[in-house]
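One structure below.
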Amino acid sequence: MLRILFLIMLLSISTQQNSSSSGLTHVLQQLNAELKTTLNIVINIDHLNHYINYELFKMPVVHIQPSMESFRPFRLVESFTKNSLIVVNMRETPLEAAVKNLLPYLLKELHELHIVFITEEHPNSWQEELYRYCFQEGFINTLLIHFHNGITSFYSYFPYPEMHILKLPKLEDYINRRHLLKNFHHNPFRTFVESVEPRKIQYVNRKGQTVHAGYIYNIFLEFIKRHNATLEFMPIKDSDNLVRGAISMLQMKEYDFACYPKELEWTIPSTETLYLLKDYVIVPHARPIASYLYFGRPFTWTLWLAVISTVVYGMLMLYASNGSDRSEIGLHLLNSLCHILFISQARLRAFNWQQWTIHIIMIISGFVLTNLYLAMLSSILTSGLFEPQLNTIQDLKHSPYRLLVDYYYIDYLKQAVGLPVEVKNRMTYDDSFALGAARTGLNSSFMYTVYEDRMEGILYQQHLLKVPRFRKIPESFMDGLMAFPVAPSLPYLNMLNAYLRRIFECGIFVKMKSDSWMDTIESGIYKLMRNEGIERKPFDLEFYYLAFALWAIGLVLACLIFAMEIQMWRTRIPMQMH
């Protein structure tokens, strides 16, 4: 009789374990199917292992035992494990120290993955502590499974605006919980208050109201409005070094995001990179040349070749067409020059049809060449002429300007491979406020380095100018990341990344950036530059310097030749008398 009772007890215990095993296995299989996971990471496989049959899973299962002395922590990589499910068999409640230390390291860049905690103890007394740990580490997708005597219960939490424990009647309620997480219920999102135009702008308008603007600010503000949150501004503690102070506060989770692109050297969390942010050099526009040089600039080597060829051709043809009655070749040269310059001359005498043909050809050639010169001169007078432009990074070594930088970017620029050594040796250091004032005002005494988003806003000031003050060198020498620094383990980072991808791909990102240029104009930080006005006297005395010089040279040469002819005539008369 005792044997029968013992067998019945063993059978009941085995049946209970099989039912529990079947229940938990079915739950995990259903969860994997709903979440479309491709890998399971199971922590503490030895604890409660008899309740889950992992052999029924149709995917790889990685077993982790963090309490073993030989265990070495590793980290998941997004490219291969972004669709993983983390299963934690709880040895202790709320969570043992080894697992607490492992999870943040394991999911450093993937803390939005789903984590399933499995326990036999009733969670009423300790699950709030577990959820607070999860929210602090950014584990927002957390499911707690409590099973006892074959009965499975599901728990989770909702963090906004305060911690709420959710008891879920069925597993589908946890799957649908993702829609609840899109509403933050006025939970505050924190950022710093300092201005970095055109990314983040703060100014006082005419009504005395403090206005915040800027394209990165507007990007985050739109995300906050969409998810029913609020925005809170935090001052940076280290006012002497804003970048260092902001990074320190970010690492301590004292605010959530920064309205600033990420530098490559910053080892801090950030959103996904949208594109490489290039760093350019902007240089003053080439200075205008002296106006008296305008007369000679239309004479390119091709025009000189055409003029010389036409003059020589006309002179030789007129000389050859005279036959036996050839006059002096100098007279034919003067006739050819008069034709090419399209000016009047003495009455022409043509003795045959060949001479008439040559004169007609020369008149047409002179008309064409004269009008070509005048058209080129008119175009030059309209657009203006300037000294050679700086078009490449290597051209900067010949620039007369010094490169103005602040103390923060000294090390960056010294390590930049693209900048010539001559430019690095001409760097001038100043504080960020002086640099910002000079660069914003487009002070043409220096050249500057600036990321392309700020460069576009700065150069927007001169789009009404006929001739810009500054131009960019189209080659970049250093790159940043169009990704925004965020606090470690930010719970809504995955939602933020999806939002940024959408607005970037559909062009809203670019539209917000262009709108921020007008915000800087309205705030008075940037100013639209205009030409001083139309000059009433387009040609001053300097414009005719070259013409006066040529006229003087011609007179001097004519006087010298005339003196030589008189001298030759005087020497010829005595010889004829003898």
Side-chain angles (χ1 to χ4, degrees), residues 288-388 538-576:
I289 66 172
S291 60
Y292 61 83
L293 297 177
Y294 281 27
F295 275 114
R297 287 307 172 96
F299 285 101
T300 59
W301 69 270
T302 53
L303 185 58
W304 276 115
L305 183 61
V307 170
I308 294 173
S309 302
T310 305
V311 170
V312 173
Y313 169 80
M315 178 186 66
L316 295 177
M317 293 303 294
L318 288 174
Y319 180 78
S321 64
N322 273 337
S324 58
D325 188 19
R326 292 175 179 172
S327 58
E328 296 181 0
I329 192 171
L331 180 61
H332 301 310
L333 176 61
L334 289 176
N335 288 333
S336 182
L337 285 173
C338 290
H339 283 311
I340 206 68
L341 295 176
F342 209 65
I343 60 177
S344 61
Q345 54 182 310
R347 182 178 179 182
L348 297 176
R349 290 185 300 173
F351 300 101
N352 47 48
W353 66 271
Q354 291 93 341
Q355 292 186 8
W356 281 111
T357 304
I358 294 169
H359 284 301
I360 292 174
I361 293 174
M362 293 297 295
I363 291 173
I364 295 174
S365 300
F367 177 79
V368 171
L369 292 175
T370 302
N371 280 275
L372 176 62
Y373 171 80
L374 292 176
M376 294 177 65
L377 181 60
S378 299
S379 177
I380 290 173
L381 291 173
T382 302
S383 60
L385 283 181
F386 301 89
E387 296 176 356
F539 305 133
D540 53 6
L541 183 61
E542 183 185 5
F543 180 77
Y544 298 98
Y545 283 173
L546 182 61
F548 291 155
L550 294 176
W551 175 71
I553 292 172
L555 285 180
V556 171
L557 290 176
C559 292
L560 290 176
I561 294 174
F562 180 68
M564 291 175 58
E565 290 180 349
I566 292 178
Q567 185 63 29
M568 292 174 60
W569 177 73
R570 287 179 178 178
T571 57
R572 191 183 305 169
I573 291 179
M575 292 178 61
Q576 292 178 355

Practice item. Quick one: list whatever passes side chain to side chain donor-acceptor pair (under 3.5 Å) with S379, sequence neighbours left out. Key: none
Practice item. Name all residues meeting the side-chain contact (heavy atoms from CB on, under 4.5 Å) criterion together with L560; count only those two or more places apart in sequence or in a different chain, and write none if there are none. Key: V556
Exercise for review: Of all the heavy-atom pairs spanning G314 and S336, show the shortest one and how long it is.
Suggested key: CA-OG, 4.0 Å
Review point. Listed by chain and number, what are the side-chain contact (heavy atoms from CB on, under 4.5 Å) partners of L305, not counting sequence neighbours?
Key: W301, S309
**Study point:** Residues that W569 engages under ring-ring contact (aromatic ring centres under 6.0 Å, His included), provided they are two or more places apart
**Key:** none
In residues 362-370, what donor-acceptor pairs under 3.5 Å come from side-chain atoms, sequence neighbours left out?
from	atom 1	to	atom 2	distance (Å)
S365	OG	I361	O	2.9
T370	OG1	I340	O	3.3
T370	OG1	G366	O	2.6

Check your understanding: Which residues satisfy the side-chain contact (heavy atoms from CB on, under 4.5 Å) test with L372, sequence neighbours excluded?
Key -> L303, M376
Exercise for review: Using side-chain contact (heavy atoms from CB on, under 4.5 Å) as the criterion, list what pairs up with F386, not counting sequence neighbours.
Suggested key: H285, A286, P288, V467
